[in-house]
Structures are given as C-alpha cells and as structure tokens.
Amino acid sequence: MSLAVGTPPPPLWNRHTVTEQEAPMDERHRDDLIRAVRDLAPELSTRAGDIEQARELPADLLDRLRAAGCFRMFVPRSHGGYEADLRTGLTVLETLARADGSTGWTVMIGAETPHLLAMLPRERFDKVYADGPDVVVAGGFAPQGRAELADGGYLVDGRWAFASGARHADWIFGNCVLTGDGQPLPGPTGRPPETRSMLFPAERVTVLDTWHTLGLRGTGSDDVVLDGLFCPAEESFDLFTGVPCVPGPGFVAPLVHFVLHLGAVAVGIAGGALDDMTALLADGRQRLYARTPLADSPAVRERLGRADLNVRAARALLHALADDLWAACAGDPAALVALHPTISASLPWVTEVCAAAVDTCYRAAGGGAARDSSPVQRRFRDIHTFAQHAAAAEGWLGNNGAQLLGRPVELAY
C-alpha cells in the first residue's frame, strides 16, 4: 500500500508551461475509459468477497482492467497512453473503489506507474514502454533498503513493506539509503542521508506472503525483498526531487497528484458503503425490538442524509483542488507551491469524513453487519485500514493551518 508522504513542495525546475503539443486528453478516450470502468463496476461488487479471499485481484479481472485502459490512463499519448487529466483520473478511481475498495486501491497504485518511471532518463523510459503502455510498477517509498555505490551503479539490499500489486507487477522498485564503504552518504546540509530508488524487473525480486490484514485485503500489498542485486545507474531515480523526462501537467509534482488519488479511493469506499446501506434498507430491514423498518426511522434518515452530504462535500473538495492543481501545473509555479500544504491537509480531512460516513452505515446496519459476509462490514474494514496510511494522519492538517497563519510549513511528524 506504499505511497510517499512527508515530501517538500516540488522544486521550481520540476515545472514547465504546457505547449500546443500537450493538449488535453482525447474526449473519446475519456468517454470510453469512464464507460468501461462503470460497466465493470457491478461485477467488481459481486466478486468483492472473492477478491478479498484471494488477497489479490484475480488474473481475469486484471486483464479486463488493462483492456479498459486503467493502467494506461496516465501514460503519455506519445507512448500509447491516454494522458488523462487529473479530474478524469479521480472519477475512474472513485468509480472502481465504490465497487470494491481493493480494486480501486490496486488500480490507483498501478496507474501511477508512468509518474515514477518519468524520473528515469528518457531513453530508459522509452525502452520500458517500447512493448506497450500497460506497464505496472510496484514497490516501496520508504527508504528501507541500502544501495552501496558500485562501478556503474549500486549493489542493493532491502525489504520493503506494503508493495501493493507486487505479484502482478512488471517492475518493482525500492527506495534506498545510498552508502559508500558501508556508510550512509550525507544529504544536503541539515537533511537526512541521501536516498535513491532502485528499479528491477519483477522476476528478480522476491515477494513474501505477508499481507494478512484487517481491510483492503485484496490489494496484495506484500513485502518485497532484494539481496545483493546490482542496479545500473540508469535504472535508478530520485523519487522526491527528480526531474520528469516527459512533458505535461500530469508529470509536474506527481506526489501531490498522488494525495488526491488517495482521496478519490476514500470517497469511493464511503460511497460504496452508502450504496450497500440503501440497498439493505430497501428490503424493509427492521432491527430487533424496533417498531418500524430502519428506512422509516427519523434517526437513521438523518444520519444517512448527513453522511451522504459529507461524502459529496469531500468529493467536491477533491475536484476543486484537482482543478486548481492542474491549472498550476500548467504554468503557475507560485500557485503550485501555495497549493501543496492545502492538498496534503485535504487527505486526513477527507479520510475522517469518509470514515465517519462508513461508521454511520455500519452502526445503522445492525447485528448483520458484524458478519464477514456483509459488504458493509468490508467497507468498514477497508476505510479503517485506509485511515492508517501515513498520508492520512491528522498531523498534515497543521500544514494548512501553518500556511494560513503565515508560519513555515514543516513535516507534520
């Protein structure tokens, strides 16, 4: 389930102005992509229990998600992808997560592949996509490995947790502390040791069966291990301050985009819980000792009504921030720097709102929601597992407060 947190605002040189050659996503591709995921959604909902039990997406569903264009949606059109705008990506991810949280999460991770690979040299990026746009990368953002300087590259050891989708990935990366003669190489003055991500073909990496969790069980977020493998310098990249080798607003400040992608998955899970709850109440469900069906309870109606509006508000915030971010990435560096604290603060708020909405559904559903077979229970477990992600920690709310008060924006923890 790895995604980066705690990164500073992107450097000014990691920006550019959109040119005529970087026109928005083709409308036909947008319509086809959204239609395809909406057509898949009912089956994903039906198979959610099987996905959870398998602890990864079944091969046939992965094939259909590829065919729908989910893993190529952010790939540049120059390399066979759709180069989707941020708002389109949020719609796709929310739709999938609304059908099944694990599917939404897994596609989110896989779809962000080109953002990571764009930090490679352009020649290497081109080679990775030479056989088609549906490339999937998994790995770990936390520097849980060590990369010792070697002739032409690095010798890499490490074990990274939360590598979502590692079992179906084409490539796996691990962020490492760089070392020389076994000692960490110092970073810039006053900063931690230097880090760099190492990329390997998936068949060279060991995947350990470690993903036994409360929720998001179908994401296959296992540990991955490397032991003394050589990584050529051209297959390493700077995850946090690297310069993208391809143009386009989608490749400016990608880690900020990722925060909004996460928010779309949270909104999808909450929306799915509301769907499950309204379907449950439609059959006249009545709690033990109650005089009326749950659907006729004023208290239940009020709570569900409030939950629905809160989820709508969370979605509206994400979309508004997405529009602002896309415009800033198209050529407004000052606006981009100002947006970073607000966007990083938005995820814990969105997560809090969505978790509260799911909790409302779970409590209203009665004793049946405690069963593993209950879709409401699965939503409950998924959103609370999601809420444990470091990017959703409450401390990030302080970034927005610091900016409002004119104070320096620092890491929250």
What are the two closest non-hydrogen atoms of [X] and [Y], and how far apart are they?
X      : Y      : value
Val75  : Phe71  : CG2-O, 3.9 Å
Met73  : Leu33  : CB-CD2, 3.7 Å
Leu347 : Ala392 : CD2-N, 4.0 Å
Gly248 : Glu83  : CA-OE2, 4.4 Å
Ala338 : Pro341 : O-CD, 3.3 Å
Ala118 : Val246 : CB-CG2, 3.9 Å

Self-check item: Partners meeting side-chain hydrogen bond (donor to acceptor under 3.5 Å, both in side chains) with Arg72 (sequence neighbours left out)
Solution: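 Residues passing side-chain hydrogen bond (donor to acceptor under 3.5 Å, both in side chains) with Arg72: Asp134.
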
Quiz prompt | Centroid-centroid under 6.0 Å between Phe162 and His389 rings | solution =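 No, the ring centres sit 6.0 Å or more apart.
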
According to salt bridge (charged side-chain N to carboxylate O under 4.0 Å, His left out), who are the partners of [X], at least two apart in sequence or on a separate chain?
X      : answer
Arg407 : none
Asp63  : Arg66
Asp223 : Arg159
Asp209 : Arg55

Quiz item: Is it true that atom CD of Gln53 has more than 12 heavy atoms of other residues, nucleotides or ligands lying nearer than 6.0 Å?
Solution: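 No, the 6.0 Å shell around CD holds no more than 12 heavy atoms from other groups.
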
Could you list the donor-acceptor pairs under 3.5 angstrom formed between side-chain atoms of residues 263-272 and any protein atom two or more places apart in sequence or on another chain?
none

Under the 3.5 angstrom rule, does the side chain of [X] hit a backbone N or O of [Y] as a donor-acceptor pair?
X      : Y      : value
Thr351 : Ala387 : no
Thr385 : Gly215 : yes
Arg301 : Ser297 : no
Arg379 : Arg98  : yes
Asp157 : Arg146 : no
Ser102 : Gly218 : yes
Thr91  : Arg87  : yes
Asn400 : Ala345 : no
Trp326 : Gly250 : no
Ser374 : Ala370 : no

Self-check item: Criterion side chain to side chain contact (heavy atoms under 4.5 Å, CB included) on Arg47 and Asp60, from CA distance to verdict
Solution: CA-CA 12 Å; Arg47 297 180 64 180; Asp60 67 305; 2.7 Å; yes

Exercise. Could you tell me whether Arg64 and Asp39 have a side-chain N and a carboxylate O separated by less than 4.0 Å?
Key: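 Asp39 and Arg64: not salt-bridged.
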
Quiz item: Are Asp85 and Arg30 within salt-bridge range, i.e. N to O under 4.0 Å?
Solution: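 Yes.
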
[X] versus [Y]: any side-chain heavy-atom pair under 4.5 Å?
X      : Y      : answer
Val409 : His340 : no
Leu325 : Leu336 : yes
Val225 : Trp160 : no
Ser221 : Leu216 : no
Leu117 : Leu120 : yes

Practice problem: Give every residue pair that meets the salt bridge (Lys or Arg N to Asp or Glu O under 4.0 Å) criterion with at least one member in residues 310-320, sequence neighbours excluded. | Solution: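 Of all non-adjacent pairs touching residues 310-320, those that pass salt bridge (Lys or Arg N to Asp or Glu O under 4.0 Å) are Glu94-Arg315, Asp308-Arg312.
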
Quiz item: Do any pairs count as a salt bridge (Lys or Arg N to Asp or Glu O under 4.0 Å) and have a residue in residues 123-132, sequence neighbours left out, and if so which ones?
Solution: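 Qualifying pairs: Arg122-Asp126, Glu123-Lys127, Arg124-Glu235.
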
Quiz item: Where do Leu57 and Leu65 land on the side chain to side chain contact (heavy atoms under 4.5 Å, CB included) test, with the steps shown first?
Solution: CA-CA 10 Å; Leu57 297 192; Leu65 290 163; 3.8 Å; yes

Quiz item: Going through the checks in order, is the side chain to side chain contact (heavy atoms under 4.5 Å, CB included) test met by Leu339 and Val256?
Solution: CA-CA 9 Å; Leu339 273 172; Val256 187; over 6 Å; no

Quiz item: Arg196 and Ser236: side-chain donor and acceptor closer than 3.5 Å?
Solution: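 Present: a donor and an acceptor within the cut-off.
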
Nearest 0.5 Å, please: how far is [atom2] in [Y] from [atom1] in [X]?
X      : Y      : atom1 : atom2 : value
Ile109 : Trp105 : CD1   : CH2   : 5.5 Å
Ser45  : Asp276 : OG    : CG    : 7.0 Å
Ser344 : Asn399 : OG    : CG    : 4.0 Å
Glu194 : Asp238 : CD    : CG    : 7.5 Å
Leu44  : Asp50  : CG    : CG    : 11.5 Å
Ile51  : Thr219 : CD1   : OG1   : 11.0 Å

Quiz item: Would you call the rings of Phe74 and His261 parallel, tilted or perpendicular if under 30° counts as parallel and over 60° as perpendicular?
Solution: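 Correct class here is parallel.
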
For residues 171-178, which side-chain donor-acceptor pairs fall under 3.5 Å, sequence neighbours excluded?
| residue | atom | partner | partner atom | Å |
| --- | --- | --- | --- | --- |
| Asn175 | OD1 | Ser197 | N | 3.4 |
| Asn175 | OD1 | Ser197 | OG | 3.0 |
| Asn175 | ND2 | Phe141 | O | 3.0 |

Residues in ring pair (Phe, Tyr, Trp, His ring centres under 6.0 Å) with [X], at least two apart?
X      : result
Tyr129 : Phe125
Phe380 : Tyr362, His384
His319 : none

Quiz item: Please walk me through it: do Arg35 and Asp32 pass salt bridge (Lys or Arg N to Asp or Glu O under 4.0 Å)?
Solution: CA-CA 5 Å; Arg35 184 182 305 109; Asp32 289 347; 3.0 Å; yes

Quiz item: Going through the distances and angles, do Arg303 and Asp359 end up as a salt bridge (Lys or Arg N to Asp or Glu O under 4.0 Å)?
Solution: CA-CA 10 Å; Arg303 290 168 189 159; Asp359 290 352; over 6 Å; no

Exercise. List the steps, then state whether side chain to side chain contact (heavy atoms under 4.5 Å, CB included) holds for Asp222 with Leu208.
Key: CA-CA 6 Å; Asp222 293 308; Leu208 302 180; 5.7 Å; no

